[in-house]
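Worksheet: the structure to be examined is printed underneath.
On a predicted model such as this, the values are computed, not experimentally measured, just so you know.
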Amino acid sequence: MSKLQVKLNNIYQFVDASDVLSLKNKVNDCQKLIEGKTGKGNDFLGWVTLPAEITDDQLKSIEKVANELRSKSEFVVVVGIGGSYLGAKAVIEALGNSFSMLDNGGTKVLFAGNSICEDYHAELLKLLDKHTYSIVVISKSGTTTEPAIAFRLLKQHLEGKVGKTEAASRIVAITDQSKGALRKLADTEGYRTFVIPDDVGGRYSVLTPVGLLPIAIAGFDIRQMVEGARQAMTDTSVGVPFEQNPACQYAAARNVLYAMGKKVEIMVNYTPKLHYVTEWWKQLYGESEGKENKGIFPAGVDFTTDLHSMGQYIQEGERFIFETVVSVEKPSHTLNIPNDPENLDQLNFLTGKRLSEVNHMAELGTIVAHNDGGVPCIQITIPELSAFWIGYLLYFFERACAISGYVLDVNPFDQPGVEAYKKNMFALLGKPGFEDEGKALRKRLGI
């Protein structure tokens with residue numbers, strides 16, 4: 001049977017297998033905290049059993065709205081930041097055609113509100129002047145700065161383009177069940193809504209409507225994605241022994257490497273479509289573990305592309321890093337290297353080979369080179385890039401992240417440090433109540 005595999009053989013010249021096994025009891029205790037919902041941040045553990053709790057009626061409701069928006073929109077703009085967009089973006093990029101934005105057919109999903117870049121949003125509005133579009137706005141509170149600004153701009157633009165009544169039929173809000181600015185606005189304006197569960201934090205929300213609605217709008221099979229997550233939930237549960245549990249093994253291995261001074265984990269892919277899976281993973285692990293002056297710093301590279309930029313540092317720079325390589329066993333297409341009679345590039349020895357074989361040998365050769373250069377490497381393989389296996393992979397990472405955070409003895413489900421920049425930004429912008437702080441900051445910054 002096909003399965004996700006975690007391979008640790010390329011860390012064992014740096015740590016002993018017994019070192020990983022030594023965390024077995026601690027990891028198993030963390031598993032009990034997760035499933036018993038008794039650990040730190042246990043009010044945000046709704047994601048643990050979410051795959052099994054998603055009903056057919058919920059999926060039908062999401063698919064219905066997705067189809068309605070697709071029928072009337074060339075573009076759907078998803079407004080959100082952090083977990084409110086990264087999961088959907090990761091899945092859409094992983095499952096989509098690399099050049100889908102150049103196709104004329106089908107509804108395209110765009111993203112806004114994940115920055116405050118003036119040029120980006122101005123250029124987006126200019127594009128939308130010429131096309132039909134709808135909006136999916138995602139925020140529990142409705143007051144997060146970046147998406148709130150973007151939605152204000154887009155709402156005004158859409159109402160000016162199609163009128164207030166039609167605009168309301170083209171706006172869907174994914175927000176809190178009963179409170180917050182976005183909930184109040186949605187109720188007042190008559191927007192259709194989906195609920196972000198109270199017990200699911202943003203970076204764990206890809207299997208809620210936060211991720212499933214945009215993914216369905218993009219035309220992908222959310223039922224298969226949920227099914228993959230259900231299988232991952234079973235395969236990583238507390239009842240699966242440590243030796244057969246991929247989430248437990250991954251969490252243990254990375255913590256053993258961290259304890260020996262490997263402070264940076266570099267996520268590596270050899271498939272460009274996985275770039276945003278890495279971006280999603282970076283938020284998941286960085287925001288979950290990076291607190292109390294603890295945590296592995298999550299970074300990412302796209303190979304073989306970045307072997308020609310970051311490869312030198314990874315090979316011979318400071319030795320505080322380890323790699324986690326995500327491999328896809330079976331590509332979706334077949335492409336063989338042709339023969340060239342002139343052979344000026346001296347590559348005729350590759351004639352007839354599939355590009356995937358060359359890519360895989362590059363992967364294996366790089367792992368050996370980086371091992372020889374002092375970099376441990378964890379390998380994670382999935383059979384193919386499909387909705388099922390992406391759903392599986394994302395749940396696997398969520399489970400392993402929760403385990404790893406508990407091993408570190410931090411709360412993997414809060415993010416207190418995120419508020420620091422906001423307070424300073426509001427003070428500098430002159431928000432009422434922040435006047436004194438604003439004066440002090442301007443003096444400190446010399447502005």
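- Listed here is the closest heavy atom pair of A186 and T193: CB-CG2, 3.6 Å.
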* Given the rule in the side chain to side chain contact (heavy atoms under 4.5 Å, CB included) test, do M225 and V206 qualify, once you have shown the distances and angles that lead to the verdict? -> CA-CA 10 Å; M225 184 180 162; V206 65; 3.9 Å; yes
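- For the pair E227 and R223, the salt-bridge criterion is not met [side-chain N within less than 4.0 Å of a carboxylate O].
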* Just do the salt bridge (Lys or Arg N to Asp or Glu O under 4.0 Å) check on E279 and K282 with the steps written out, would you? => CA-CA 5 Å; E279 294 302 301; K282 282 162 59 178; 3.1 Å; yes
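- In this model, a donor atom of one side chain and an acceptor atom of the other lie less than 3.5 Å apart for S404 and N255.
- Between N10 and Q379, the closest heavy-atom pair is ND2-OE1, 3.0 Å.
- Here E189 pairs with K164 in a salt bridge; the nearest charged N to carboxylate O distance falls below 4.0 Å.
- With a 4.5 Å cut-off on side-chain heavy atoms, I378 and L257 count as touching.
- With hydrogens and angles ignored, the 3.5 Å screen pairs a side-chain donor or acceptor of Q58 with a backbone N or O of T55.
- Of the possible polar contacts, none joining the S288 side chain to the Y285 backbone as a donor-acceptor pair under 3.5 Å is found.
- Residues forming a side chain to side chain donor-acceptor pair (under 3.5 Å) with K89 (at least two apart in sequence, or on another chain): E93.
- For K60, the NZ atom counts as loosely surrounded, since its 6.0 Å shell holds 12 or fewer non-hydrogen atoms of other residues, nucleotides or ligands.
- Classification of E35 and R399 as a salt-bridged pair holds, one side-chain N sitting under 4.0 Å from a carboxylate O.
- Checked against the 6.0 Å centroid threshold, F14 and F322 do not count as a close aromatic pair.
- Side chain of S61 to main chain of D57: no donor-acceptor pair is present (N/O by atom type, distance under 3.5 Å, no hydrogens or angles).
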* Do V407 and R254 pass the side chain to side chain contact (heavy atoms under 4.5 Å, CB included) test, and can you show the C-alpha distance, the side-chain angles, and the key distance before you say yes or no? -> CA-CA 11 Å; V407 169; R254 61 194 304 277; over 6 Å; no
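- A donor-acceptor pair under 3.5 Å is absent between the side-chain atoms of T324 and the main chain of M267, judged by distance alone.
- Each side-chain hydrogen bond (donor to acceptor under 3.5 Å, both in side chains) pair with one or both residues in residues 423-432, not counting sequence neighbours, would appear here, but there are none.
- For the pair Q231 (side chain) and G391 (backbone), a donor-acceptor distance under 3.5 Å is absent.
- Partners of H275 by side chain to side chain donor-acceptor pair (under 3.5 Å), not counting sequence neighbours, listed by chain and number: D302.
- Pairs engaging residues 108-117 under the side-chain hydrogen bond (donor to acceptor under 3.5 Å, both in side chains) rule: none recorded [sequence neighbours left out].
- Judged purely by distance below 3.5 Å, without hydrogens or angles, the side chains of Q177 and D198 never pair a donor atom with an acceptor atom.
- A pairwise comparison of heavy atoms in Y133 and L154 identifies OH-O, 3.5 Å as the closest pair.
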* Decide side chain to side chain contact (heavy atoms under 4.5 Å, CB included) for Q13 and N371; before the verdict, give the C-alpha distance in whole Å, the side-chain angles of both, and the deciding distance to 0.1 Å. => CA-CA 8 Å; Q13 71 185 76; N371 257 202; 3.3 Å; yes
In a table with atom names and distances, give each donor-acceptor pair under 3.5 Å that connects a side chain of residues 437-447 to protein atoms at least two apart or in another chain.
residue, atom, partner, partner atom, Å
R442, NH2, L428, O, 2.5

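- For the side chain to side chain donor-acceptor pair (under 3.5 Å) test, no residue two or more places apart in sequence or in another chain qualifies with K184.
- Put simply, the side chain of Y276 does not reach to within 4.5 Å of the side chain of V91, judged on heavy atoms.
- Taking the side chain as every heavy atom from C-beta outward, Y85 and I138 never approach each other to under 4.5 Å.
- A donor-acceptor distance shorter than 3.5 angstrom exists from the side chain of N42 to the backbone of G39, with no hydrogens or angles considered.
- The existence of a salt bridge linking E68 and K72 is excluded, since no basic side-chain nitrogen approaches an acidic carboxylate oxygen closer than 4.0 Å.
- Here the closest heavy-atom approach between residue L95 and residue A387 is recorded as CD2-N, 3.7 Å.
- By the 6.0 Å contact criterion, CD on Q5 is enclosed, its count of non-hydrogen atoms from other residues, nucleotides or ligands being greater than 12.
- The aromatic rings of W47 and F413 sit tilted, their planes meeting at an angle between 30° and 60°.
- There is a side-chain donor-acceptor pair under 3.5 Å between D306 and S309.
- Between L110 and F75, the shortest heavy-atom contact is CD1-CD2, 3.6 Å.
- More than 12 heavy atoms of other shown residues, nucleotides or ligands fall within 6.0 angstrom of atom OH in Y421.
- Annotation: cation-pi pair K262/F320 absent, no NZ/CZ under 6.0 Å from the ring centroid and within 45° of its normal.
- A distance-only check finds a donor-acceptor pair linking the side chain of H121 to the backbone of G113 [under 3.5 Å].
- Taking a cutoff of 4.0 Å between a charged side-chain nitrogen and a carboxylate oxygen, K40 and D409 qualify as a salt bridge.
- Checked by atom type and distance alone, the side chain of R319 pairs as donor or acceptor with a backbone atom of G317 at under 3.5 Å.
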* Verify side chain to side chain contact (heavy atoms under 4.5 Å, CB included) between V375 and I367, making sure each step is shown before the conclusion. => CA-CA 9 Å; V375 180; I367 288 171; over 6 Å; no
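- When every heavy atom of A94 is checked against every heavy atom of L274, the shortest pair comes out as CB-CD2, 4.5 Å.
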